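Indexing begins at 1, ligand by ligand and atom by atom, following the structure's order. The structure displayed is predicted, hence computed values, not measured ones.
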Amino acid sequence: MAGDLNSDSSSDPVSGAATGAVPVTNVSGRRPLAEPRDEVSQVSTQGEVSDSRADAFLRMNDVRFSYSGSSHPVVDHINMALPAGAIHCLLGRSGCGKSTLLKLAAGLLHPDAGTISVDGEPVLEPDLATGFVFQSPTLLAWLDVLDNVLLPVSLHRKPGATDIADAKTLLEQLGLSDLLHRFPHQLSGGQQSRVAIARALLPKPRLLLMDEPFAALDALTREALQDALLAVCASQGVSVLFVTHDIAEAVYLGDRVMVVEQGSLRCDIAVTVGRPRTSGVRHRADFNAVCMQLREVMEAGERAAVPRMAG
Ligand SMILES: Nc1ncnc2c1ncn2[C@@H]1O[C@H](COP(=O)(O)OP(=O)(O)OP(=O)(O)O)[C@@H](O)[C@H]1O
Ligand SMILES: [Mg+2]
């Protein structure tokens, strides 16, 4: 089965909001995260990965974007199709355009060319149906854990009993039931990250955009949060586009992993490791084979980049 990045069709952008409150319930056609995955990986050279999957939820078609004042596009020829309920990960060296891609998907930036759509609707501005988790948890210091999670609701209206129950359920799923009334300064970095994830999930987003949310955490905490994220996303059926620098994290979480290189998609690899993914998976040969495959792609990109940088 194909990967799918640099050639597709469809409409426009979505939206992203760190808060927001949207009814979710399951998007029809969503694929359960617990089922085994597709076939194998397909690595291709830049701009050649394609996919004809018809069930794309987030779709980018030949997207190009330049920041104002820059003569070169930061991202170009971007094609991707994220199926409903799937997790796709973006890997790439610093400055290659990963965060820019997330902001485009969120409707925080607008492409100069090409189209972005979510569930068939153009992404024109940030929308409550898209959640955004930043690298820094960005919690409000004067609100306790529960009120930070409820923020997407309280920005619009007074949270009701259902909102509070939903927030508590999420916090329980993320292992924070005992910390409801702590303030951010009383939490560890990993606990703050969990609160940020719960806050993004409270509005039941259809799409979750995550920008290196676990980058600052130690390895064991990261792994625990990866498991928590997989469990919560599976229960909500949310589609996830996840940026990381960590190859093993990308393979553990992702249905597909895409390598971004200088603003373009260098390759798209289907992760053939089945689900559910638990810690033992990390030691399996198939898991390590995908990691190795990605490492080779990234190292090839590094080698090619050295002369360019030197020049
Ligand atoms: N607001 C901005 N104005 C101008 N240039 C920008 C702006 N934001 C980012 N850039 C540039 O766009 C390029 C891509 O930035 P981006 O933040 O998308 O990279 P990234 O892949 O997320 O990097 P990192 O892994 O370090 O977070 C970089 O060269 C960066 O300097
Ligand atoms: Mg970034």
Worksheet item: Side chain of Gln191, backbone of Ser188: donor and acceptor closer than 3.5 Å?
Response: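 Indeed, once roles are kept as given, a pair shorter than 3.5 Å links the two residues.
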
Expected output: side-chain Gln262 to main-chain Cys96 donor-acceptor under 3.5 Å
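No; judged by distance alone, with no hydrogens or angles, the pair does not exist.
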
Tell me whether [X] reaches ligand 1 (any heavy atom closer than 4.0 angstrom to a ligand atom).
{"X": "Gln135", "result": "no"}
{"X": "Lys103", "result": "no"}
{"X": "Gly97", "result": "yes"}

Note the single closest protein heavy atom to [atom], along with its residue, its atom name and the distance in Å.
{"atom": "atom 27 (O) of ligand 1", "value": "Glu212 OE2, 3.6 Å"}
{"atom": "atom 25 (O) of ligand 1", "value": "Lys98 NZ, 2.7 Å"}
{"atom": "atom 17 (O) of ligand 1", "value": "Ser99 CB, 3.6 Å"}
{"atom": "atom 5 (N) of ligand 1", "value": "Tyr67 CD1, 3.4 Å"}
{"atom": "atom 26 (O) of ligand 1", "value": "Ser94 OG, 2.5 Å"}
{"atom": "atom 29 (O) of ligand 1", "value": "Gly95 O, 3.9 Å"}

Classify the ring geometry of Phe287 against Tyr252: parallel below 30°, tilted from 30° to 60°, perpendicular beyond 60°.
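Taking Tyr252 first and then Phe287, their aromatic rings stand perpendicular (interplane angle over 60°).
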
Is Asp211 paired with Lys103 through a side-chain N to carboxylate O contact shorter than 4.0 Å?
->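 So Lys103 does not pair with Asp211 through a salt bridge.
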
* Are any of the side-chain nitrogens in Arg157 or Asp163 under 4.0 Å away from the carboxylate oxygens of its partner? ->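 Yes.
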
As a test of the contact definition, would atom 10 (N) of ligand 1 count as having a protein heavy-atom neighbour under 4.0 Å?
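At least one protein heavy atom is under 4.0 Å away.
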
task = State whether Ser99 contributes an N/O/S atom found under 2.8 Å from the Mg ion (ligand 2).
result =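 Yes - counting backbone and side chain alike, Ser99 has an N, O or S atom under 2.8 Å.
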
Is ligand 1 under 4.0 Å from a heavy atom in the side chain of Thr100, in the backbone, in both, or in neither?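 It is both backbone and side chain that touch ligand 1.
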
Distance-minimising heavy-atom pair for Val74 and Tyr67: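 Of all heavy-atom pairs spanning Val74 and Tyr67, the closest is CG2-CD1, 3.3 Å.
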
Query raised in the report: Any side-chain donor paired with an acceptor under 3.5 Å for Asp218 and Thr221?
Result: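 Side chains of Asp218 and Thr221: pair found under 3.5 Å.
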
- Query: Do Arg282 and Gln226 have side-chain atoms, one donor and one acceptor, less than 3.5 Å apart?
  - Reply: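 Gln226 and Arg282 do have a side-chain donor-acceptor pair below 3.5 Å.
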
